[in-house]
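Each chain gets a letter, A, B and so on, in the order the sequences are listed, and its residues count up from 1.
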Number of protein chains: 4
Amino acid sequence: MTASPERRRELLATAAEVFAAHGYNATTVRKIADEAGLLAGSLYYHFDSKESMLDEILSTFLDELWEGYDAVLAAGLGPRETIEALVTESFREIDRHRAAVAIYQKESKHLVALPRFQYLADSQQKFEKAWLGTLERGVAAHAFRADLDIRLTYRFVRDTVWVAASWYRPGGGHSPEEIARQYLSMVLDGIAVRT
Amino acid sequence: MTASPERRRELLATAAEVFAAHGYNATTVRKIADEAGLLAGSLYYHFDSKESMLDEILSTFLDELWEGYDAVLAAGLGPRETIEALVTESFREIDRHRAAVAIYQKESKHLVALPRFQYLADSQQKFEKAWLGTLERGVAAHAFRADLDIRLTYRFVRDTVWVAASWYRPGGGHSPEEIARQYLSMVLDGIAVRT
Amino acid sequence: MTASPERRRELLATAAEVFAAHGYNATTVRKIADEAGLLAGSLYYHFDSKESMLDEILSTFLDELWEGYDAVLAAGLGPRETIEALVTESFREIDRHRAAVAIYQKESKHLVALPRFQYLADSQQKFEKAWLGTLERGVAAHAFRADLDIRLTYRFVRDTVWVAASWYRPGGGHSPEEIARQYLSMVLDGIAVRT
Amino acid sequence: MTASPERRRELLATAAEVFAAHGYNATTVRKIADEAGLLAGSLYYHFDSKESMLDEILSTFLDELWEGYDAVLAAGLGPRETIEALVTESFREIDRHRAAVAIYQKESKHLVALPRFQYLADSQQKFEKAWLGTLERGVAAHAFRADLDIRLTYRFVRDTVWVAASWYRPGGGHSPEEIARQYLSMVLDGIAVRT
DNA sequence: AATGAATGAGCCTTCATTCAT
DNA sequence: GATGAATGAAGGCTCATTCAT
């Protein structure tokens with residue numbers, strides 16, 4: 001639609017912020033427009049619909065996420081190092097796309113049902129494959145414990161990372177790398193003192 | 001309003017299920033009514049409003065949760081045993097109030113702003129005090145590691161547990177106690193093999 | 001419907017009071033039932049509908065009003081004495097049927113359109129004939145001024161009387177007869193000091 | 001909300017007409033919209049709510065009324081001349097704001113209870129003060145009779161004037177000034193022939 | 001006579017979307 | 001690129017009314 005991708009990005013950033021703060025359904029097009037300093041109808045010069053804004057926010061985020069993940073997975077690291085790199089990369093994405101991540105967390109469950117958001121299901125599957133595969137490799141290589149249910153472990157690590165988007169605020173004391181280090185330390189070694 | 005706590009509970013259970021599945025805002029009163037087998041307007045014989053249904057669902061859940069928590073906290077256990085008991089109790093609540101927990105996870109952030117849901121903020125504060133206090137006791141007693149950011153640890157444990165409500169299905173292979181055991185094992189000892 | 005005209009009258013009195021206080025449309029059947037100490041549905045054992053309650057209230061009142069008016073009109077009084085008697089009778093009716101009069105004032109304009117309330121139009125016509133006729137007789141007999149628009153005079157006297165129902169409270173200092181005397185004094189002789 | 005006082009006034013005029021004809025409660029937003037030639041929802045582009053339309057209609061009317069009244073009261077006239085000027089001004093307002101006056105008559109009693117319509121109570125009080133004060137001045141100056149209950153006289157004059165809005169039709173034979181003259185003649189000198 | 005529960009129609013309001021200017 | 005005004009569908013809620021018990 002628009003010629004200027006400049007304005008587009010601005011508007012999407014605003015929309016993402018509002019979606020993240022109030023939820024997609026509870027966000028009215030007018031609230032976005034107010035925040036962006038124009039009238040509700042005017043947004044339709046730039047975007048087809050409210051849903052297409054959401055679409056563009058999520059797909060942009062996922063594209064960037066997979067750029068990072070694919071680089072890690074292609075690097076030929078050992079299982080423990082792979083997990084470390086994926087976690088660190090994830091916290092970096094949370095740092096850069098906090099709003100998009102928060103939206104993803106809250107809305108993806110409903111959205112996967114819509115044909116338009118098919119790519120969410122694809123991404124989730126690819127995601128699961130990457131993480132589960134790495135964990136299995138790690139168990140086989142005696143890097144990770146063999147006595148745990150591996151799906152439970154997968155969910156545990158996955159949730160641990162992404163749920164952080166709900167409270168993380170960029171520029172708030174901890175860098176993404178520092179948070180990643182602490183999380184990895186807990187996940188890998190536990191919080192109990194070794195005896 | 002009316003007495004007949006029988007029908008009330010039935011309707012609330014239905015409402016909770018629909019709220020959990022589609023989100024509070026996206027849930028129409030008619031969807032609840034359809035599911036319950038009556039007309040939308042008829043729900044208002046039993047409840048004041050859609051919001052009051054949500055209110056009753058959440059407050060009932062929190063009341064029961066705190067009954068369990070308070071018993072644990074009053075038992076005079078050591079810090080590690082307290083954490084173990086709280087986690088186990090939490091998974092039991094997820095098992096019994098899955099829908100309410102899922103709703104709580106998704107909606108409480110917006111709801112705390114409403115005066116009517118003040119008790120959510122109260123509960124969160126009490127919750128934080130209980131968990132943070134136990135963790136601090138544990139660090140002081142050399143049961144938990146001292147090199148971790150304690151607030152980060154708190155969020156880590158808290159979120160790890162409750163996010164489980166998003167994928168947990170009662171009667172699905174693992175009992176709540178079994179899940180609690182595995183989660184505790186990961187959180188306390190880590191997933192890496194000890195060297 | 002009911003066998004006991006006792007209960008019927010009680011319920012109608014309650015209904016009239018609520019209709020008068022809040023207006024017919026703004027009055028819910030439940031408000032009446034609450035006031036009467038039963039449930040909304042139970043009123044339908046005694047009455048066909050909300051409208052039929054209104055109907056019975058108004059027709060009962062008009063029946064009594066015309067009993068009094070007809071007696072006056074049949075007495076063969078002079079025009080001035082007839083006006084005096086009609087005004088006095090009107091205030092007596094306001095005293096005895098305050099609620100019904102208030103309802104009549106507020107609602108009759110809309111109700112005349114409904115076939116069921118045809119008798120309101122009939123009554124109004126008969127009313128106008130009686131008053132206008134008396135005034136005309138009075139002008140012819142040089143009892144009333146000839147320089148005034150007679151329809152205007154009619155409306156003036158009519159409204160002067162009936163609008164009192166909006167503020168009149170039975171047992172409040174002035175008896176109906178006393179109020180009638182003062183009103184008649186103003187209407188007949190004016191409020192200005194004679195020079 | 002919006003600017004364009006043009007359209008606003010049109011729509012308010014339509015709304016006032018419908019409110020006056022059917023009563024506020026019995027008037028549906030759709031009826032107003034139909035009359036105005038748009039859809040019900042479209043009214044909310046111009047107004048916050050049905051109640052805010054009513055508010056604006058009444059406050060606009062009262063503002064204009066008090067402009068006129070205040071001018072009269074500040075003119076330093078004698079009591080009789082003040083009453084004459086107030087009555088004349090009142091009929092002029094009825095002529096210009098017939099619908100608003102009719103609404104005021106029918107609804108103000110319920111509305112004063114609402115905080116939003118506090119100004120109705122204020123106006124009523126100011127109104128009573130102006131009229132009662134003038135009547136008292138007149139009694140003291142021997143312009144008005146001293147043998148009448150002054151509050152009764154006040155209500156009598158007040159209601160007599162305003163109730164005219166229920167039957168007055170602009171452009172119907174009598175000008176507001178002509179009606180005022182006749183009313184004043186009746187109120188001041190009575191309808192009886194002097195003997 | 002009255003209750004408890006439900007119906008069904010309608011109401012006020014919201015909101016994504018459209019479009020002439 | 002944006003505004004102002006409107007559409008139309010849907011949503012939460014109210015209420016007169018019904019009826020088996």
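- As a whole-Å value, the separation of D/Leu54 CG from E/dC12 P is 13 Å.
- Both distances falling under 3.5 Å, in either a Watson-Crick or a G-U wobble arrangement, place E/dA5 opposite F/dT18.
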One pair to check against side chain to side chain contact (heavy atoms under 4.5 Å, CB included): D/Val112 and D/Phe117. What are the steps and the verdict?
CA-CA 6 Å; D/Val112 283; D/Phe117 290 94; over 6 Å; no
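- Salt bridge annotation for C/Arg98-C/Glu17: present, with a cationic side-chain nitrogen under 4.0 angstrom from a carboxylate oxygen.
- Nucleic acid contact for B/Ser42: base, since at least one base atom lies under 4.0 Å from a heavy atom of the residue.
- The distance between atom OH of B/Tyr44 and atom P of F/dG11, rounded to the nearest whole Å, is 12 Å.
- Between D/His46 and F/dG4 there is no side-chain N or O to OP1 or OP2 distance below 4.0 Å.
- Between D/Ser4 and F/dA5 there is a side-chain polar atom (N or O) within less than 4.0 angstrom of OP1 or OP2.
- One atom, CZ of B/Phe47, and another, P of F/dT14, lie 15 Å apart when rounded to the nearest Å.
- Side-chain contact check for A/Asp63 and A/Tyr119: no donor-acceptor pair (N or O, by modelled atom type) lies under 3.5 Å.
- Not one side-chain nitrogen or oxygen of B/Arg7 sits closer than 4.0 Å to the OP1 or OP2 atom of E/dG4.
- Counting non-hydrogen atoms under 4.0 angstrom, C/Ser52 reaches nothing in the nucleic acid.
- The nearest whole Å value for the distance from the CG atom in A/Asn25 to the P atom in F/dG12 is 11 Å.
- The interatomic distance linking A/Arg30 (CZ) with F/dA6 (P) rounds to 16 Å, in whole Å.
- Mapping D/Thr28 and C/Gly37 onto DNA chain E by nearest heavy atom places C/Gly37 at the nucleotide closer to the 5' end.
- You'll find that the side chain of D/Ala40 is closest to E/dT13, out of E/dA16, F/dT17, E/dT13.
- For the pair A/Leu43 CG and E/dA16 P, the interatomic distance rounds to 10 Å; values are reported in whole Å.
- Nucleotides of DNA chain F nearest to B/Gly41 and A/Leu38 differ in position, and the one nearer the 5' end is that of A/Leu38.
- D/Leu39 comes within contact range of at least one nucleobase, with a heavy-atom separation under 4.0 Å.
- Remark: the separation of the P atoms in F/dT21 and E/dA1 is 22 Å, to the nearest Å.
- For the pair C/His22 NE2 and F/dC15 C1', the interatomic distance rounds to 16 Å; values are reported in whole Å.
- In this structure, D/Lys50 is positioned above the aromatic face of D/Tyr24, its NZ or CZ under 6.0 Å from the six-membered ring centre and within 45° of the axis.
- When the P atom of F/dC13 is taken as reference, atom NZ of D/Lys50 falls 18 Å away, rounded to whole Å.
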C/Leu120 and C/Leu62: side chain to side chain contact (heavy atoms under 4.5 Å, CB included), yes or no, with the steps?
CA-CA 9 Å; C/Leu120 290 177; C/Leu62 282 181; 3.6 Å; yes
